[in-house]
Amino acid sequence: MNKGISRKRPTPPQQAANPSKQQATSPEDEFVDEDEDVFLDETLFETEDDLVLRDIEQRQSLASRLTKWARPPPSHAYTSASRSVVFQQLEIDYVIGESHRELLPNWSGSAAIIRIFGVTKEGHSVCCHVHGFEPYFYINCFPVMGPDDISRFHQILEGRMGEVNRNSKVPKFIRRIEMVQKRSIMYYQQQDSEPFLKIVVALPTMVASCRGILEKGILIDGLGMKKFMTYDSNVLFALRFMIDCNIVGGNWIEVPAGRYKTTKPLSYCQLEFHCLYSDLISHTPEGEFSKMAPFRILSFDIECAGRKGHFPEPTHDPVIQVANLVTMQGENQPFIRNIMTLKSCAPIVGVDVMSFDTEREVLLAWRDLLREVDPDVIIGYNICKFDLPYLIERAETLGIAEFPILGRIKNSRVRVKDTTFSSRQHGTRESKEVTVEGRVQFDLLQAMQRDYKLSSYSLNSVSAHFLSEQKEDVHHSIISDLQNGNAETRRRLAVYCLKDAYLPQRLLDKLMYIYNYVEMARVTGVPMSFLLSRGQSIKVLSQLLRKAKQKNLLIPYVKKAGSEQGTYEGATVLEAKAGFYEKPIATLDFASLYPSIMMAYNLCYCTLVTPEDVRKLNIPPECVNKTPSGETFVKSNLQKGILPEILEELLAARKRAKADLKEAKDPLEKAVLDGRQLALKVSANSVYGFTGATVGQLPCLEISSSVTSYGRQMIEHTKNLVNDKFTTLKGYEHNAEHEAFWELTGFGFRRNSEVKRERDQSIPRMGDPLGNSAHVSSQKQNREGVVIYGDTDSVMVQFGVPTVEAAMDLGREAAEYISGTFIKPIKLEFEKVYHPYLLISKKRYAGLLWTNPGKFDKMDTKGIETVRRDNCLLVKNLVNECLHKILIDRDIPGAVQYVKNTISDLLMNRMDLSLLVITKGLTKTGDDYGVKAAHVELAERMRKRDAATAPNVGDRVPYVIIKAAKGAKAYEKSEDPIYVLENNIPIDPQYYLENQISKPLLRLFEPILKNASKELLHGSHTRSISISTPANSGIMRFAKKQLTCVGCKALLSKSDHTLCSHCKGREAELYCKTVAHVSELETLFGRLWTQCQECQGSLHQDVLCTSRDCPIFYRRKKAQKDMAEAKVQLDRKFWINQPQQQQQHQKLEMGVIAFELRRSEGSHVKRNKRTTFEC
DNA sequence: GACAACTGGAAGTTCCGGTAGATTTCTTCA
DNA sequence: AGTCATGAAGAAATCTAGCGGAACTTCCAG
Ligand SMILES: Nc1ccn([C@H]2C[C@H](O)[C@@H](COP(=O)(O)OP(=O)(O)OP(=O)(O)O)O2)c(=O)n1
Ligand code: SF4
C-alpha cells in the first residue's frame, strides 16, 4: 500500500494476450500488485477494515475479470494446424504487401493480399490472409487484333502505366493480357460470345488508372489510335474477390487442413494463417451454415467533461468514463459489464468499476479491454460520429501514440475519415468513418436512421419508442459538475454512462439487427459493413455481377452521359373519390408489382433489343414483347434475363420472411419481422430503381420506363375490369343502387344485359397491347365505377355490400378473376377490407383494416398527419383521437367535443410544450436553401449560440412557434423548445390553431360534418384566450409592467397591490383558492419529479435531466413554472404593507404582468396576461 | 475520384407581382 | 364685385392587406 509510488495502469490484458502464459501461471498471483496500486485512490477515504475488504474483493474481481475477458483457448488441433478451419467471416479487406514466398514461389514484388476476419463456431477469432487473387478488368477486343498485336499492346500499355504511376515500385504493372470469350450484358445479342481482353494488373488501384488510359485512347503501332470500352472495371477489389469466390456477406468459409500455412502472427487473432484463394471453400448459407458463430459484441459509451457552457471538444476536454458491455451473439445477457472511470467511483452492483488517476490510464485500459476481449462487432449509439473519433483525437492530443491500435492488426492504427452519404431517399448525412481493422462497427444511430422513420433519433426517444423506457439526458455542463464532485456523484455518472452502453445492446437484441443484417448481407452478397455505409445500388450491383459472372456476361463501365433524358413517367394514381364510406371497401393489390412485371416480361439489360437491331435482326414477333412504352425485349426462350433471376431469389427470401412473420406472436417481434420482409421488398424494388437511376452505375431507362408503362396499363386494365364486372353482371346485390344512380346521371347508356352479352364473348386480356381492354374501357369510361381509388398497384373497390365478409368474398373472387387475365407470375391479390373508410385525397386516407371478418385488425392511416413526422404531437394526437372516435366508436359528437376541448386548452395556454414541438429534417447546409424556412433559420441561430450542439445536415430540428409581432413570418417565430422553457418565452397559440390544427381537421370533418369549419373553429370555446407575456425577450424592453388583480384580473391602479377595489373584501375566499391551487400544483410537480427519479434509477438524488424528447420533462418544467407563479401570487397577499418588496416580486413575476407596448408612432397597444376576454 | 434505387402527390411556406380598396394628398370649386 | 379662407368633392397618388400562383421544401405512398 505504498501511496507514494507512481501508479501503473493495470496491465492484465497485455500479459493475458498470450493465452498459454495465462494458463501456465495463476493469473491471480501475477496481477495482485498492480491491482493494489490501481485502486489505491479509492481507499484514501476508507477505513482500514473497508480497505482489507475492498482489497480481497478486487483481487477476486480482477481474477475473474481476466478469465472473463479472454476468448476460449484454441484446441491443439487448431494450434498444430492439423484440422481444417471453418469460420463465419464478418469482414473482408485487403492490404498491399509482399507476395507469400511459399504459396506463390513465382511471384515477386508487392501484391494485394486479402484479409478475411471471422469467428469459428467454438468462438475463436480468425484472420485469414488470402494470396494470389489479382485485380483485373476487361476491354473490348477489336477484331483486327491478333496475338502479336496483343503483345505489342501489352508493352505499350505497360509503358503508359509507367508514366502515370511514376512513383510505384511495382516491377510490372500489367501482369497479363488474355483473350477471353465473353459477352456484354447490354442489349440482346444473337451470338453467344465474342472476344474480349482480360487485363490483369498488379494492384487494385491500377484498375482505375489503366481504365483512364484506355478510355482516352492509346496509340498502337499498326492499328492507330484506339479507344476502348472497359468492362467490370468499377468493382471494388474486396467485392470482386467475394464475387469470384462466391462468398456472400457473413457466410461460412472453410480452409481445409494442409492448405494453409501459419507464420509469425501479424494480428491479435487466435488463429491466423495464409492460404491461396483457390483453396477457399465458401459455404452457401443453408442448413448448418445458416447459423451464427458466437461472435462477441462490445457495446460502449463514453462521457466527457466539457468546460462550462461548451460542448466537449477532444482538444480540451477529458474523457472521464467509458462503460463497456460485452455480449456473446445468441445470449441475452452480457458476460462483461464494466466501467472505467477517471478518479474514484463508488461501487455499483454487478458492474466491475475500474478507476484510474489519469486519463491516459483510462484510455489505455480501454484499448487493453478491446485487445483482450477481442470483440468482433463494436456497437454503440452515435459511436461513429462521436465516441470513437473523440477517443482517437483525445489520445492524439494527449500524445498517447500506442492508443489508436484498436484493430486486430498489430501496429496498425485506426484511421478517421470524414464521409458523407447522400441519396434521394435518405438525404445527405455527414458522418465519420473509423477503420478498425477486423472489427465491424455497427452504429445503432445509423441503423435507426436508415430503417425507421422517427421524429427524433436521440437515444432517449428511440429507446422510449422501442423499449418503452425513458432515458434521462444529462446536459453536458452538468456532467462536469458530477465529475468534479465525489465518488458518489461519479457513481451517479457511471450509472448513467452504463445505461447508455446498455441501451444500444438492448435495441440490437430487440430489433434482431444482427440476424436481419446478416440475412440481408447474405441475400444481396455484400459485406455487412456496406449495409450501413452504402446505399441500395451496391446491393443490386453485387447481385448483378454475381449473376453476370455465372452467365459469362460483362458489365460495361459507362461514363456519366449528361445528355441522357432526365426522368421518365412513373405510376398512375387513380383519381380519388373523396368521401366517408360506410360500406366495406375491398383492396386488391398486385403482389410485388414491379418485380413481377420484370419477371413476367423478361425485362433485362440482356434482353433489350435496340431499335436498330429490331430492324436488322429479324427476330420473329412471337419471340419478343413490345412494351407499352415502345421498347422491345426478347422472351425467355431466346435469352433469359438476369434481373428476373435476381428478383426470383429476392422474392423467395421475402417469402421465407413472410412465413416467419406468420408464426410470430408478439407484436414487437411481428413488427421486426415485418421490417425484415419490407427490407427485402425494398431490395427487390431497388432492382427496378437501379435501372432508372440516371446517376447510377448502369442506368437503363428503357427498362424502367417499360416497367412503369406496363404497370400503368395493368392498373388501368384492372380498374376497368372491376368496374365492368361488378357494376354490370347480375347477381350482385348492390346493383340496384348503382342502376338507380345511372338513371339519374347517365344518358345513352346501354342496359346491363347488353353489356353482359358483350362481356361473355371475350374476357379482355392484358398483354395484347391496347387490345380488348382498351376497347372495353373506352365504352365504359363515362360510367361511374365501383373503384373509388387506386395507387400504382392497388385498387380500392366499393362493392356495395354491407358486410365485411361479403366484401371479402367478392374481393377474392375479383382478384382471382383478374389474375387470370395476366401472365405469370403477375398476381392480383385480395389483401384487406377497409370498413369504414375515409378517403381524403390521393395518398391520404384512413380506415379500419380487416383481414378476417370476425374483428378488425387495426386502424390504418396513410399519408395523413398522424403518420407525418413534420407535425407536432398536438396535431397527431388530435387527429388520431378524432379518427378513433369517428371510425371505431362512431361517435361524431364525441369527436367534435374532443376537438373543442383541445382547442380551448390550447388557447387557454394549458398545453404542455412537448405537444407543440414540430420537427423537420435539415436536408442541406444553411446556404444552399433558396427560401427561408423555420427550421433552417432556427438551426442557423442555434449555430450562433453554440456551434457544437446545433443541428447538422441530416439532423432533425425540433422547434416551437413563439409569439411575435403580427404578420411575422414563421421563420422569425421558430425557437428551440429548451430555450423557450429556460427563458419562459410565450408560444403562439393562434399559429397552432390556424396553421397547424385547422386545416387537417377540416379535411377530416368535411366529408362527415356540415359546417365543419364553423362548428369546430369558431364556437364559443374559442372565445376565451389567455395571452402570456414574454419574460425578457426583446420587445419587453419597451414594456411597462402593471399588476393585475388576483381576483378578477383587472389591471391594478398604483395604489392597489393585490386586489382591485371590487374584489376587496373577498380576500379570505381568494386566499383559500390560491392556496389550494398551489398545493395542487405541488402534488403534480412532486409526482412528476418522482417519476423522473425512477427513470434515472435513484430516488434520493436530484433530477438533472433536460431531455428534449421526453414528454415528462416538459410537463415537469411546466408544473414547476406554474407552481412558482402560483406561489408568487400567494406571496402577494402579504405585500400590502411592504412596498419596497414589491419591485423584487415584480421581477419574479414576469408571467403575471400586463404590459404596454409603445410603438414609435405613438399608438398604444394594451394587453394583459391572464386576462380573459369574454366576447 | 467515388458516390448516389425510382416517380407521383399533398401540403405548407416564402416570395413576387398585379390589384382592389383604403388612405392620403392634391386640386378644384363653391 | 373682387379677394381670400375654408371646406367639400373629386381626382390623383400612395399605401397596404390580401390574393393567386410559382417555386421551394418536406414528407409520404407506392
Ligand atoms: N419504395 C418503393 C415502393 C414501391 N415501388 C413500386 C414498386 C412496387 O412494385 C410498386 C408497388 O408497391 P407496393 O408498396 O404495393 O409493394 P409491392 O406491390 O411491391 O409488394 P406487396 O404488395 O406484395 O407488399 O411500387 C417502388 O418503386 N419503390
Ligand atoms: S424527463 Fe424525467 S422521465 Fe423524462 S427522461 Fe428525463 S428523467 Fe426520465
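Residue numbers begin at 1 in each chain, while the letters A, B, ... track the order of the sequences.
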N/O-N/O pairs, protein side and nucleotides 12-15 of chain B side, under 3.5 Å:
residue	atom	partner	partner atom	Å
B:dT13	OP1	A:Y991	OH	2.5
B:dT13	OP2	A:N995	ND2	3.4
B:dT14	OP1	A:A970	N	2.8
B:dT14	OP1	A:Y971	N	3.1

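Base-pair partner of B:dA4: not found among the strands shown (Watson-Crick or G-U wobble, both distances under 3.5 Å). When Watson-Crick and G-U wobble pairs are counted only if both distances are under 3.5 Å, C:dT6 pairs with B:dA30.
A sub-4.0 Å separation between OP1 or OP2 of C:dA29 and a side-chain N or O of A:R844 is absent. A sub-4.0 Å separation between OP1 or OP2 of B:dA5 and a side-chain N or O of A:S537 is present. An OP1 or OP2 oxygen of C:dT26 is reached within less than 4.0 angstrom by a side-chain nitrogen or oxygen of A:Y929. One finds a side-chain N or O of A:R534 lying less than 4.0 angstrom from the OP1 or OP2 phosphate oxygen of B:dA4.
Residues A:T524 and A:Q536 are not in side-chain contact: their nearest non-hydrogen atoms beyond the backbone lie 4.5 Å or more apart.
For the pair A:Y845 OH and B:dA11 P, the interatomic distance rounds to 15 Å; values are reported in whole Å. The distance between atom NZ of A:K876 and atom C1' of B:dA11, rounded to the nearest whole Å, is 16 Å. Counting to the nearest Å, the P atom of B:dG8 and the CD atom of A:E575 are 15 Å from each other. To the nearest angstrom, P of C:dC27 lies 14 Å from CD of A:Q425. Put simply, CG on A:L701 is 16 Å from P on B:dA5, counting in whole angstrom units. Remark: C1' of B:dA5 and CG of A:L531 are 15 Å apart, rounded to the nearest angstrom.
The closest donor-acceptor contact from the side chain of A:D955 to the backbone of A:N952 lies under 3.5 Å. Between the side chain of A:R1003 and the backbone N or O of A:I840 there is no donor-acceptor pair closer than 3.5 Å. Within the 3.5 Å criterion, the main-chain N or O of A:H426 finds a donor-acceptor partner in the side chain of A:S423.
For A:G692 and A:V573, each mapped to the nucleotide of DNA chain B holding its nearest heavy atom, the one lying further toward the 5' end belongs to A:G692.
The residue A:S704 sits apart from the nucleic acid: no heavy atom pair falls under 4.0 Å. Among the atoms of the strands shown, only primed sugar atoms or phosphate atoms (P, OP1, OP2) are found under 4.0 Å from some heavy atom of A:K862. The residue A:V867 sits close only to the backbone: its heavy atoms come under 4.0 Å of sugar-phosphate atoms, none of a base. Using a 4.0 Å heavy-atom criterion, one finds that A:T420 contacts no nucleic acid atom at all. Using a 4.0 Å heavy-atom distance criterion, A:K924 is classed as a sugar-phosphate-only contact. Across all strands shown, A:R211 has heavy atoms under 4.0 Å from sugar-phosphate atoms exclusively, and none from any base. When heavy atoms are screened at a 4.0 angstrom cut-off, A:K453 is found touching the sugar-phosphate backbone but no base atom. Residue contacts for A:S686: at a heavy-atom cut-off of 4.0 Å it reaches a base atom on one of the strands shown.
For A:R868 against C:dC27, a side-chain N or O and a base N or O form a donor-acceptor pair under 3.5 Å.
Classified by interplanar angle (parallel below 30°, tilted 30° to 60°, perpendicular above 60°), the ring pair A:Y845/A:Y837 is tilted.
Scored by the salt bridge (charged side-chain N to carboxylate O under 4.0 Å, His left out) test, A:E994 finds no partners at all (sequence neighbours excluded). The side-chain contact (heavy atoms from CB on, under 4.5 Å) check on A:A578 picks up nothing, with sequence neighbours excluded.
A distance below 6.0 Å separates the ring centres of A:F822 and A:F590.
Using C1' as the reference atom, B:dC15 and C:dA17 are 16 Å apart when rounded to the nearest Å.
Taking the side chain of A:F421 as heavy atoms from C-beta on, and the options B:dA2, B:dA4, C:dT25, the nearest nucleotide is B:dA4.
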Any chance you could lay out the ring-ring contact (aromatic ring centres under 6.0 Å, His included) test for A:Y601 and A:Y710, step after step, and finish with the verdict?
CA-CA 9 Å; A:Y601 295 100; A:Y710 271 125; 3.7 Å; yes
